[in-house]
Amino acid sequence: MKYYCVMVKTREEEKFKRLLERRLSLAGKDDLEVIFFKKKLPYKKSNKDYETPLFKSYVFIATNELDLGSIWIIKRTEYFLRFLNSNRDIKPLKGQDLEYVEKLLKFGKTQGLSKAYFDENMRIVITEGPLMGFSGKIYKVNRRQQRVTILLEMFHNTIKCDLGYELIKPETEQDKKAT
């Protein structure tokens, strides 16, 4: 499977996805999947979660082969801005960009909360969830709102991305011996 990144008008990602899926279906292009990543974050004063875009302005196209007819449909869909890196030289994601997308897809299109704790040096340690493995790229931790801002090097650019975490108590040596 190859993944392509499309930049769309900010706050119109969901509309673009729906329009493109409809247009592709009418054209019989059922081999393309439109992926729009969301994240779940907790409301400040309640136990409810809300969803918001994980990557603002970015939608991903998954397919085995992107033909000229599909490219034409994508480019003519409302809210489309451009393919990344270039509209003239459309290439699938590779390297670290591809790894990020594949890793996030393992957790689904809506990213939930990661489980984390703070170690004795007050550094955050991610134990499971979509943030696992991003520890070296953590930019900021907001303990009050339980959010972590990570830096992703994607598309020849640095993108800041907020994800939520659930605070858990780390397992101590005494806890391990008791079980």
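Note that the numbering runs from 1 along the sequence shown for the chain.
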**Student:** Within the distance-only criterion (no hydrogens, no angle test), does the side chain of Q111 pair as donor or acceptor with the backbone N or O of L104 below 3.5 angstrom?
**Tutor:** yes
**Student:** Supply the atom-to-atom distance L19 CG to E12 CD, rounded to the nearest 0.5 angstrom.
**Tutor:**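 Spacing of CG (L19) from CD (E12) equals 9.5 Å.
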**Student:** Under the criterion side chain to side chain contact (heavy atoms under 4.5 Å, CB included), I'd like the reasoning laid out for V8 against F36: C-alpha separation, chi angles, the key distance, then a yes or no.
**Tutor:** CA-CA 11 Å; V8 299; F36 170 53; over 6 Å; no
**Student:** More than 12 foreign heavy atoms under 6.0 Å from NZ of K75: is that the case here?
**Tutor:** yes
**Student:** About how many Å separate CG of N87 and CD1 of I74, when rounded to the nearest 0.5 Å?
**Tutor:** 10.5 Å
**Student:** Can you spot which of I61, V101, D97, L93 makes a side chain to side chain contact (heavy atoms under 4.5 Å, CB included) with C5?
**Tutor:**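 In the set I61, V101, D97, L93, the residue that makes a side chain to side chain contact (heavy atoms under 4.5 Å, CB included) with C5 is L93.
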**Student:** With side chain to side chain contact (heavy atoms under 4.5 Å, CB included) as the test, would you mind laying out the steps for E33 and M1 before giving the verdict?
**Tutor:** CA-CA 10 Å; E33 181 184 4; M1 187 68 61; 5.8 Å; no
**Student:** Could you tell me whether L68 atom CG has more than 12 heavy atoms of other residues or ligands within 6.0 Å of it?
**Tutor:**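 12 or below, so no.
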**Student:** Could you check whether any side-chain N or O of R82 sits under 3.5 Å from a backbone N or O of N85, counting only pairs where one atom can act as donor and the other as acceptor?
**Tutor:** yes
**Student:** Is there a path from F16 to F83 through hydrophobic residues (I, L, V, M, F, W, Y) whose side chains come within less than 4.5 Å of each other?
**Tutor:**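 Result: yes, single cluster for both.
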**Student:** For the atom pair CD (E128) and CD (E166), what is the distance rounded to the nearest 0.5 Å?
**Tutor:**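 Spacing of CD (E128) from CD (E166) equals 8.5 Å.
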**Student:** Run through K115, R147, R143 and flag the one making a side chain to side chain contact (heavy atoms under 4.5 Å, CB included) with Y165.
**Tutor:**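 In the set K115, R147, R143, the residue that makes a side chain to side chain contact (heavy atoms under 4.5 Å, CB included) with Y165 is R143.
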**Student:** Are any of the side-chain nitrogens in K38 or E14 under 4.0 Å away from the carboxylate oxygens of its partner?
**Tutor:**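 The answer is yes: the pair qualifies as a salt bridge.
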**Student:** Taking all non-hydrogen atoms of both residues into account, name the closest pair between L32 and S70 and its distance.
**Tutor:**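 Taking L32 first and S70 second, the nearest heavy atoms are CD1-OG, 3.6 Å.
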**Student:** Side-chain heavy atoms under 4.5 angstrom apart, residues restricted to Ile, Leu, Val, Met, Phe, Trp, Tyr: same cluster for F80 and L84?
**Tutor:**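 No: no chain of side-chain contacts under 4.5 Å links F80 to L84.
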**Student:** Once you round to the nearest 0.5 Å, how far does CZ of F55 lie from NZ of K160?
**Tutor:** 15.0 Å
**Student:** Do Y50 and T52 make a side-chain contact, defined as non-hydrogen atoms from C-beta onward lying under 4.5 Å apart?
**Tutor:**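 Counting from C-beta outward, Y50 and T52 do come under 4.5 Å.
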**Student:** Compute the centroid of each ring, for F60 and then for F37, and state whether the two points are separated by less than 6.0 Å.
**Tutor:** yes
**Student:** Before accepting this row, confirm whether a basic side-chain N of the pair E102/K106 lies closer than 4.0 Å to the acidic partner's carboxylate O.
**Tutor:** no
**Student:** Could you tell me whether a side-chain N or O of S57 sits under 3.5 Å from a main-chain N or O of M7, the two making a donor and an acceptor?
**Tutor:**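 Between the backbone of M7 and the side chain of S57 there is no qualifying donor-acceptor contact (under 3.5 Å).
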**Student:** Are V59 and L105 connected in the hydrophobic side-chain network, where two residues link if heavy atoms are under 4.5 Å apart?
**Tutor:**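 Different clusters.
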**Student:** Is there a path of hydrophobic side-chain contacts, each under 4.5 Å between heavy atoms, that joins V34 and Y79?
**Tutor:**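 Yes.
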**Student:** I need the minimum non-hydrogen distance between G129 and S114, along with the two atoms involved.
**Tutor:**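 Scanning both residues, the minimum pair turns out to be C-OG, 3.7 Å.
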**Student:** Let me check something: do V6 and I73 share a hydrophobic cluster, defined by ILVMFWY side-chain heavy atoms less than 4.5 Å apart, either directly or through other members?
**Tutor:** yes
**Student:** Do other residues, nucleotides or ligands put more than 12 heavy atoms under 6.0 Å from the NZ atom of K40?
**Tutor:** no
**Student:** What distance do T63 atom OG1 and Y3 atom OH have between them, rounded to the nearest 0.5 Å?
**Tutor:**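 Answer rounded to 0.5 Å: 10.5 Å.
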**Student:** With side chain to side chain contact (heavy atoms under 4.5 Å, CB included) as the criterion, how do D31 and E65 come out once you've worked through the C-alpha distance, each side chain's angles and the decisive distance to 0.1 Å?
**Tutor:** CA-CA 9 Å; D31 59 332; E65 199 58 47; over 6 Å; no
**Student:** Rounded to the nearest 0.5 Å, what separates atom CD1 in I35 from atom NZ in K17?
**Tutor:**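 Answer for the CD1-NZ pair, I35 versus K17, is 9.0 Å.
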